[in-house]
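Inspection log for the structure reproduced underneath, given as structure tokens.
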Amino acid sequence: MPELPEVETVCRALSKVIKNSRIKKIEFYRKDLRWQVKDNLEVSLKNNIFIDSYRRGKYILIPTNTDKIFLIHLGMSGQIRIKKKDIVQKHDHMRLIVENNNKHFIITYNDSRRFGYIDLFKKKELREHFLLSKIGVEPLGRELTIEYLQNNFKKRVINIKNALIDQKIIAGIGNIYASEILYKAKINPLRKVNSLSQNDLNSIITYTKIILKKSIDVGGTTIRDHMQPDGSLGYFKQKLQVYGKTNEKCKTCNSFIVKEVISNRSTFICRHCQI
DNA sequence: AGTGTCGCCTGAATGC
DNA sequence: TGCATTCAGGCGACAC
């Protein structure tokens, strides 16, 4: 799945059932995910209490009462199911049984492509964690400013599309939302970052925040894999303006939306509006 | 150090 | 219908 709004949706749903819950049981069915999951993870986690869940970029982080952090990354196809009764399905790789106020919940990690990852590490290792140490600012936080982007972009020759999906610069934007943001900001994805004006950067920041927030409000974008943990769909797909809209008309100028492959990734553009 | 390409893996859609 | 090819919300390992 999963760009920031989808991960945020999953994270909020998890929070509702895991906050102050006790971990009764952990089972792995496969540990060969993007990387091999640690051998003793189950042992270290059993009987711990989850404090809450929060999101950093596209990572879900769940601190425990023993000063550890449980990490879930969904990769391209990862899903979380939360149910009271459940049966193990194809591509389920892990499940947790947690108890919260005498109620039991089954939390299942399903990931057909196994590009995702699950980890457990000490809280004090958070800053140096190999997946988290280099990631950039939160797009919905205060650190995403024109000055921040100017500092990152000067002396660089990459295009703005690649910059937006580079997790080391901004954490959470992926291929769908990069197209949507640049369309609304009326900026061509191939523009070099060091050529962007203050106005351009301001538009990018403004629409990044608007689009991501709107999508979170409706449960993210369901195109193929993403589902909310209770099985319901995300409805931002209906609000997409350009992604996947090849040969449909731009709502502003009526010219056709085209698909262009940039660095091996599909990018959708209105060539008339985005200059 | 910064930049571009490749490939990890499975399944759905598309093409012949 | 059947089989091959292409493509997919990510991202680290490489080569240059």
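Lettering follows sequence order; numbering is per chain, from 1. Just so it is clear, the values below take in all heavy atoms, side chains as well, and ignore hydrogens, waters and symmetry mates. All figures in this text were calculated on a predicted structure; none of them were measured in a lab.
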Legend entry - salt_bridge(A:Asp86, A:Arg81) N-O dist < 4.0 Å: yes

Legend entry - Short side-chain N/O contact to C:dG12 OP1/OP2 from A:Arg34, under 4.0 Å: no

Inset, instruction - Pick the P atom in B:dT3 and in C:dG9, then give their distance to the nearest Å. - result: 23 Å

Inset, instruction - Ignoring backbone atoms, establish whether A:Tyr177 has a side-chain N or O less than 4.0 Å from OP1 or OP2 of C:dG9. - result: no

Legend entry - For atom CE of A:Met76 and atom P of B:dA12, their distance in whole Å: 15 Å

Legend entry - Shortest side-chain distance from A:Lys259, nucleotide among C:dC7, B:dG11, C:dG9: C:dC7

Inset, instruction - May I ask you to verify if any side-chain N or O of A:His73 is less than 4.0 angstrom from the OP1 or OP2 atom of C:dC11? - result: yes

Legend entry - Check: A:Tyr59 ring centroid to A:His73 ring centroid under 6.0 Å: yes

Legend entry - Pair partner, C:dG9 [Watson-Crick or wobble, under 3.5 Å]: none

Inset, instruction - Figure out the CG/C1' separation between A:Asp32 and B:dT10, and round it to whole Å. - result: 13 Å

Inset, instruction - Report the base-pairing partner of B:dG15 (Watson-Crick or G-U wobble, both distances below 3.5 angstrom), or none. - result: C:dC3

Legend entry - Phosphate OP1/OP2 of B:dT5: any A:Asn264 side-chain N/O under 4.0 Å: no

Inset, instruction - Compute the ring centroids of A:Trp35 and A:Phe115, then answer whether they are less than 6.0 Å apart. - result: no

Legend entry - Aromatic contact, A:Phe121 with A:His129 (centres under 6.0 Å): yes

Inset, instruction - Name the closest nucleotide to the A:Phe115 side chain, picking from B:dG2, B:dC8, C:dG9. - result: B:dC8

Legend entry - Check: C:dA8 base within 3.5 Å donor-acceptor of A:Arg265 side chain: no

Inset, instruction - Could you classify B:dG4 for me, syn or anti, using a glycosidic angle within 90° of 0 as syn? - result: anti

Inset, instruction - Calculate the interatomic distance between A:Ile173 atom CD1 and C:dC11 atom C1'; express it in whole Å. - result: 16 Å

Inset, instruction - Please state how far atom CG in A:Leu131 lies from atom P in C:dA13, giving the value in whole angstrom units. - result: 9 Å

Legend entry - Whole-Å gap separating P (C:dG12) and CD1 (A:Ile135): 10 Å

Legend entry - Residue-phosphate contact under 4.0 Å: A:Lys237 side-chain N/O, C:dG9 OP1/OP2: no

Legend entry - Sugar-phosphate, base or nothing in reach of A:Ser266, heavy atoms under 4.0 Å: sugar-phosphate

Inset, instruction - Determine the interatomic distance between P on C:dC14 and the same-named atom on B:dC9; round to the nearest Å. - result: 15 Å

Inset, instruction - Check every strand shown and say whether A:Lys155 touches a base, only sugar-phosphate, or nothing at a heavy-atom separation below 4.0 Å. - result: nothing

Inset, instruction - Taking only the side-chain nitrogens and oxygens of A:His91, find out if one of them lies under 4.0 Å from OP1 or OP2 of B:dC9. - result: no

Inset, instruction - Rounded off to whole Å, could you give me the CH2-to-P distance for the A:Trp35 and C:dG10 pair? - result: 14 Å

Inset, instruction - Could you tell me whether A:Lys168 contacts a base, only the sugar-phosphate backbone, or nothing, with contacts defined as non-hydrogen atoms closer than 4.0 Å? - result: nothing

Legend entry - Span that lies between the P atom of B:dA1 and that of C:dC11, in whole angstrom: 23 Å

Legend entry - Gap between atoms CD1 and C1', on A:Ile60 and C:dG10 respectively (whole Å): 14 Å

Inset, instruction - Ignoring hydrogens and angles, state whether a donor on the side chain of A:Lys259 or A:Thr246 is under 3.5 Å from an acceptor on the partner side chain. - result: no

Inset, instruction - Ignoring hydrogens and angles, tell me if any N or O in the side chain of A:Arg55 forms a donor-acceptor pair with the backbone of A:Gly57 under 3.5 Å. - result: yes

Legend entry - Length of the line joining A:Lys90:NZ and B:dG11:C1', which is rounded to integer Å: 8 Å

